[in-house]
Amino acid sequence: MNSTDPFETIDDFYDFGLEPTVLDGLDAMGFKHPSPVQAAAIPHILEGKDVIACAQTGTGKTAAFVLPVLSELASGEYPDEYVNAVVMAPTRELAQQIDRQIDAFSYFVGGVSAVPIYGGTGGIEWEQQKRALRLGADIIIATPGRLLSHINLNTVDLSRVSFFVLDEADRMLDMGFYEDIIEVYKLLPGDVQTVMFSATMPAKIRKLAKAITKEAVEVNIAISRPPESIDQSVYFCKDDEKMALLINIFKEKNPSKSIVFFGSKDRVKEAYRLLRSHGYQVEQMHSDLDQTERNEVMNSFKSGHTHIIVATDIISRGIDVDDIQLIVNYDVPSDPEDYVHRIGRTSRGTNLGGSAVTIVNQKDKARFIDIEKFLGYNLLRNETPEGFQKVSEDAEPRRPKQHRRKSHNRRRGGNKEATDRSRSDRENRSDRPNPKKRHNKKRRKNDRQLQDRVRDEQHRTTKKQTE
């Protein structure tokens, strides 16, 4: 791989030599100056070189591969009846975002079609995907699993693909898609042009790059760090105080759009119920929701009907919402890179000055220390808000402790002296008369006497009748 520095001298999209219809779309959208990753990657992609670009989220990397691919397809030198470009993304949300950007950039580009391919859809959407693939969409934007499903059912032909793009490659590998990517790549022509975008460049990404690229140009824009415009801070508290603290943060900042990240979908569901009980306009986002439900949540969030989304890391990347004011890490992420992606949902585009708050309890401290080491600086420490304890008790009452019985402690190897004493007591009790046993014995004796009287009476009656 060959490293390269950004083309700092390119300050205008007209300097790239893009097709005029693509430039018309950029003018209509108000795009004038390329971002650093666009300035660095677009020339190499237009030259037909394989590219590996390392750039964090929010830097304009989608346009960095969409614009040159659209420009090439707009030249008309590619077959209409075949798939010409495959863009792979880790999640359906990112696939949808890329599809929307392609629609916007290709508004004036005639004859170029794109179709998103992702799971979580019903039978109608599946048939629509099959039909679009059979007719030969120029660009397909696919998640790995759904693309392989079409490949296995022979509903897609990849024999004439010219462009193979991997967006957020590191995330795809984290999700276990390495073998899927390799399987798709083996079905592509030998001269396919491969472009990889990743927020990080660990060893596993370099292994993948070596397997699917040829003499690739490496573009390094910046180490994954949060934008300086994000106001980052932290609260330290006990675990059973977290929800009360979150409510205090909302009262203080009163954001119109906020995302709260949790470590699991079960915690998301619990927080969703609690926040709704406090009157907040909140929705949840996690893997148990189908695609229709996810779309409804995001549309409600974008329109302003929903003010808060509680979510897992499923939306830490790949959502296209520019006016999010507040990000809250309710659970500290295990990877510092995930922290960067989470808080990168704010302070995007023209929305500068967003806030990111992290809530840290005792078990989260080690992870938080790793994040500050990764960032190279300490986050602002917030003071505990006034009236915090009262709100804590109202918001999330503590459950009474469950005291184990002594017998349970004995089974787990409790106090040996107490165990021996208890065993001795049981042995002593076994030698004592049992009142219950005496009562049962007396009852059985009475029953026998009653039976004897009944038999005697029956005998006398029978004898009398005979006489």
Side-chain angles (χ1 to χ4, degrees), residues 1-78 84-89 98 101-102 104-109 112 114 138-139 141 161-170 188-201 205-206 208-210 212-224:
M1 293 179 289
N2 303 314
S3 297
T4 183
D5 293 323
F7 287 75
E8 297 180 356
T9 56
I10 298 182
D11 192 44
D12 195 296
F13 281 108
Y14 280 85
D15 295 335
F16 290 123
L18 298 169
E19 283 290 315
T21 52
V22 176
L23 292 172
D24 290 341
L26 289 169
D27 288 341
M29 296 172 66
F31 281 67
K32 299 295 183 184
H33 308 289
S35 68
V37 68
Q38 293 162 3
I42 289 176
H44 295 302
I45 298 174
L46 289 173
E47 291 174 0
K49 297 177 180 178
D50 287 1
V51 174
I52 302 170
C54 183
Q56 66 189 65
T57 58
T59 57
K61 56 187 177 60
T62 303
F65 63 80
V66 168
L67 293 176
V69 169
L70 276 178
S71 182
E72 287 297 307
L73 295 177
S75 67
E77 298 179 357
Y78 298 85
N84 293 305
V86 173
V87 179
M88 294 184 68
I98 296 170
Q101 292 216 24
I102 291 176
F105 288 131
S106 64
Y107 186 81
F108 296 100
V109 181
V112 175
D138 287 289
I139 307 172
I141 310 101
V161 171
S162 297
F163 306 96
F164 184 45
V165 181
L166 302 180
D167 194 11
E168 295 195 358
D170 53 344
L188 304 177
D191 60 347
V192 68
Q193 182 181 356
T194 301
V195 177
M196 288 177 55
F197 280 83
S198 178
T200 60
M201 199 60 63
I205 288 293
R206 296 191 176 277
L208 177 64
K210 184 177 180 180
I212 68 174
T213 63
K214 303 174 291 293
E215 299 181 357
V217 174
E218 186 173 339
V219 173
N220 292 297
I221 298 303
I223 301 174
S224 229

**Asked** Would you say the side chain of Val192 lies within less than 4.5 Å of the side chain of Val86, judging by non-hydrogen atoms?
**Response**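 Heavy-atom side-chain distance check fails, nothing below 4.5 Å.
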
**Prompt:** Asp27: what forms a side-chain hydrogen bond (donor to acceptor under 3.5 Å, both in side chains) with it, not counting sequence neighbours?
**Reply:**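 Asp27: side-chain hydrogen bond (donor to acceptor under 3.5 Å, both in side chains) contacts with Tyr14.
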
**Prompt:** With a 4.0 Å cut-off, would you call Lys61 and Asp167 a salt bridge?
**Reply:**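 A salt bridge links Lys61 with Asp167.
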
**Message:** Let's go through Met196 and Ile212 carefully: what are the C-alpha distance in whole Å and the side-chain angles of both, what is the deciding distance for side-chain contact (heavy atoms from CB on, under 4.5 Å) to 0.1 Å, and is it a yes or a no?
**Reply:** CA-CA 10 Å; Met196 288 177 55; Ile212 68 174; 3.9 Å; yes

[X] [atom1] to [Y] [atom2] distance, which is reported to the nearest 0.5 Å:
{"X": "Leu23", "Y": "Phe108", "atom1": "CG", "atom2": "CZ", "answer": "11.5 Å"}
{"X": "Phe13", "Y": "Lys32", "atom1": "CZ", "atom2": "NZ", "answer": "10.5 Å"}
{"X": "Glu77", "Y": "Ser162", "atom1": "CD", "atom2": "OG", "answer": "10.5 Å"}
{"X": "Ser106", "Y": "Asp138", "atom1": "OG", "atom2": "CG", "answer": "9.5 Å"}
{"X": "Thr213", "Y": "Arg206", "atom1": "OG1", "atom2": "CZ", "answer": "10.5 Å"}

**Request:** Walk me through it: do Phe197 and Val37 pass the test side-chain contact (heavy atoms from CB on, under 4.5 Å)?
**Result:** CA-CA 10 Å; Phe197 280 83; Val37 68; 3.9 Å; yes

**Item:** Which residues share a ring-ring contact (aromatic ring centres under 6.0 Å, His included) with Phe105, sequence neighbours left out
**Value:**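 With neighbours one apart ignored, the set is Phe31.
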
For [Y], does its backbone N or O pair with a side-chain atom of [X] as donor and acceptor, under 3.5 Å?
{"X": "Ser71", "Y": "Leu67", "value": "no"}
{"X": "Glu168", "Y": "Ser198", "value": "no"}
{"X": "Glu19", "Y": "Glu72", "value": "no"}
{"X": "Asp50", "Y": "Thr194", "value": "yes"}
{"X": "Gln38", "Y": "Gly60", "value": "yes"}

**Item:** With Asp170 via salt bridge (Lys or Arg N to Asp or Glu O under 4.0 Å) - residues at least two apart
**Value:**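 With sequence neighbours excluded, Asp170 shows a salt bridge (Lys or Arg N to Asp or Glu O under 4.0 Å) to Arg317, given in chain and number order.
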
**Request:** Go through Tyr107 and Met29 one step at a time and tell me if the side-chain contact (heavy atoms from CB on, under 4.5 Å) criterion holds.
**Result:** CA-CA 10 Å; Tyr107 186 81; Met29 296 172 66; over 6 Å; no

**Asked** Would Val69 and Val87 satisfy side-chain contact (heavy atoms from CB on, under 4.5 Å), going step by step from the backbone distance to the final call?
**Response** CA-CA 10 Å; Val69 169; Val87 179; over 6 Å; no

